Protein chains: 2
Amino acid sequence: MQQHTETEENYLKAIYHLSNVTISSVNTSSIATSMSTTSASVTDMLKKLADKELINYEKYKGVKITRKGEKVALNIIRKHRLWEVFLTKVLKFEWDEVHTMAEELEHVSSDELIKRLEAYLDFPKFDPHGDPIPDQTGKLEINDQMSLSSGDAGVKYTITGVGEHSSAFLKHLAKYGLKPGITVSIAEIMEFDKSMLVKVNKEKFHLSLEVSKNILVKKYGII
Amino acid sequence: MQQHTETEENYLKAIYHLSNVTISSVNTSSIATSMSTTSASVTDMLKKLADKELINYEKYKGVKITRKGEKVALNIIRKHRLWEVFLTKVLKFEWDEVHTMAEELEHVSSDELIKRLEAYLDFPKFDPHGDPIPDQTGKLEINDQMSLSSGDAGVKYTITGVGEHSSAFLKHLAKYGLKPGITVSIAEIMEFDKSMLVKVNKEKFHLSLEVSKNILVKKYGII
DNA sequence: TTTTATTTTTAGATTTGTCTAAAATAATAT
DNA sequence: ATATTATTTTAGACAAATCTAAAAATAAAA
Ligand SMILES: [Mn+2]
Ligand SMILES: [Mn+2]
Ligand SMILES: [Mn+2]
Ligand SMILES: [Mn+2]
């Protein structure tokens with residue numbers, strides 16, 4: 001098994017994630033944005049990743065991740081999410097505190113370590129943000145969740161995840177006590193701006209479309 | 001709190017360990033040997049560490065670690081040893097398997113993470129190899145152990161640690177089932193080469209001086 | 001106290017990942 | 001179709017950590 005640098009791993013992860021939001025190939029500038037670096041640096045790295053056959057790269061035509069590259073990316077994501085479960089379930093961190101630590105832990109190389117951690121955590125299928133955890137072969141269960149913004153008034157939903165992972169957004173949700181596992185019922189949907197009034201344990205509050213769009217849910221009672 | 005690179009941290013740790021075996025100041029070549037690098041590289045790094053006031057460095061006169069540098073080193077060692085406890089106690093790794101993984105984990109930066117890990121492990125005072133774990137302030141309990149080689153025939157001892165941490169040595173001990181916690185009684189000491197015949201649970205075997213010197217023990221019954 | 005050997009430092013390259021500025025290409029507008 | 005704008009790539013430079021080979025300093029031996 002080939003070894004990759006931490007930087008290469010981070011680029012691959014970013015490209016993998018972008019591939020899931022983009023129909024065609026991933027372009028240089030979107031990678032630059034998501035990595036907080038310049039397009040020039042990205043181009044340099046793309047050549048290196050292409051040499052290692054982790055991506056298919058054609059000058060000026062963007063990038064497609066290869067099966068090989070995808071496997072590497074999924075392994076990093078697997079480690080990231082298992083560590084996030086460990087940090088919340090075992091060390092009792094809040095779900096909005098674990099991402100930064102997992103960004104470091106995901107690069108610890110031992111596959112045996114992660115195998116044992118997975119077993120110790122009793123083979124969790126989803127991380128604290130509702131994202132699926134790939135198994136050793138890279139397969140991941142699809143969490144068939146919907147956005148709260150497409151829910152109906154008068155119906156109860158259980159939060160299963162989020163569509164946006166920024167610390168700012170997670171802390172915003174935490175302020176209302178909103179996190180995976182919590183039950184929310186939609187009291188009213190405003191025609192004008194698609195904002196909604198929701199009820200959580202007797203408390204009522206207002207959610208903008210920007211927020212409700214990024215809260216992922218299932219109908220209450222459906223596991 | 002200043003940030004240090006992983007490389008700087010590794011150099012500091014090496015210098016700290018060498019300081020405890022050397023009476024005077026630590027010289028360039030011993031650092032090079034212990035870091036598996038060249039003296040030229042070491043000299044470069046020493047300048048950098050001196051700039052950050054982590055060591056006192058005088059050209060051609062070797063190096064003394066400062067209080068500040070010692071604190072950094074002790075924090076890395078603290079993390080290393082706590083992760084080793086986690087790997088053996090929680091994930092059930094053998095004591096001869098954990099060092100390499102701990103070498104990576106020790107650089108994960110969050111101090112809050114290590115504080116919670118320590119609490120979760122119930123504040124262990126020693127790692128799986130019998131080495132003391134520094135507390136948050138850098139203080140460490142002294143394990144007043146002796147070398148098995150200075151023990152007496154007919155006396156029972158409990159293994160508390162090792163004086164040599166190489167994988168080769170640890171695996172050699174593992175072959176005989178020797179590890180911290182195990183009780184050993186010295187059956188006979190050979191005058192000629194100071195090797196010894198020891199008994200562990202009915203089984204008898206021969207230990208060379210080279211081996212017995214690096215097994216650290218306490219008299220059986222004395223906690 | 002010279003001479004010789006060892007250790008340490010400097011000088012100059014190399015690799016990895018980054019940057020800015022300029023050139024090349026592609027996409028959009030007129 | 002040509003001009004304008006946006007995107008991407010190249011060129012050249014830089015910082016970190018490393019290396020080899022040569023020079024300088026110290027230690028040991030004669
Ligand atoms: Mn995360
Ligand atoms: Mn997550
Ligand atoms: Mn160790
Ligand atoms: Mn240890």
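Treat the numbers as computed from the prediction; the structure is a model and nothing was measured. Letters A, B, ... mirror the listed sequences (proteins, then strands); counts begin at 1. Both backbone and side-chain heavy atoms feed into the values below; hydrogens, waters and symmetry mates do not.
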- To the nearest angstrom, how far is Met45(B) atom CE from dA16(D) atom C1'? 8 Å
- Item | Close side-chain approach of His165(A) and Asp131(A), heavy atoms under 4.5 Å | yes
- Report yes or no: do Ser30(B) and Thr33(B) form a side-chain donor-acceptor pair below 3.5 Å? no
- Message: Under a 3.5 Å distance rule, please check whether Thr160(B) uses its side chain to pair with a backbone N or O of Leu216(B) as donor and acceptor.
- Response: yes
- Determine which pairs satisfy ring pair (Phe, Tyr, Trp, His ring centres under 6.0 Å) with at least one residue from residues 12-68 of chain A, sequence neighbours left out, and list them in order. none
- Task: Check whether any side-chain N or O of Lys47(A) sits under 4.0 Å from OP1 or OP2 of dT10(D), and answer yes or no.
- Result: yes
- Note on the structure: Note: contacts of residues 24-31 of chain B with DNA chain C (heavy atom, under 4.0 Å) are Asn27(B), Thr28(B), Ser29(B)
- Check the surroundings of atom CD in Glu58(B): do more than 12 heavy atoms from other residues, nucleotides or ligands lie under 6.0 Å from it? no
- Length of the line joining Tyr57(A):OH and dT7(D):P, which is rounded to integer Å: 16 Å
- Query: Do Ser110(B) and Ile114(B) touch side chain to side chain, with heavy atoms closer than 4.5 Å?
  - Reply: no
- Name all residues meeting the ring pair (Phe, Tyr, Trp, His ring centres under 6.0 Å) criterion together with Phe93(A); count only those two or more places apart in sequence or in a different chain, and write none if there are none. none
- Item | Atom pair distance, as rounded to whole Å: CD in Gln3(B) and P in dA15(D) | 20 Å
- Task: Grab the CG-P distance between Leu46(B) and dT10(C) for me, whole Å please.
- Result: 11 Å
- Item | Non-hydrogen side-chain atoms of Ile31(B) and Leu18(B) separated by less than 4.5 Å | yes
- If a pair satisfies ring pair (Phe, Tyr, Trp, His ring centres under 6.0 Å) and one of its residues is in residues 94-120 of chain B, list it, with sequence neighbours excluded. His80(B)-His99(B), Trp95(B)-His129(B)
- Message: I need the CE-C1' distance between Met35(B) and dT8(C), as an integer number of Å.
- Response: 18 Å
- Message: Treating primed atoms plus P, OP1 and OP2 as sugar-phosphate and everything else as base, which nucleotides of nucleotides 19-29 of chain C get B, S or - for protein heavy atoms under 4.0 Å?
- Response: BB---BSS---
- Item | Aromatic ring pairing His172(A)/Phe169(A), orientation class (parallel under 30°, perpendicular over 60°, tilted between) | parallel
- Query: Going by number, which of residues 6-15 of chain A have a non-hydrogen atom under 4.0 Å from DNA chain C?
  - Reply: Thr7(A), Tyr11(A)
- State, with a plain yes or no, whether a side-chain heavy atom of Leu74(A) is found less than 4.5 Å away from one of Arg78(A). no
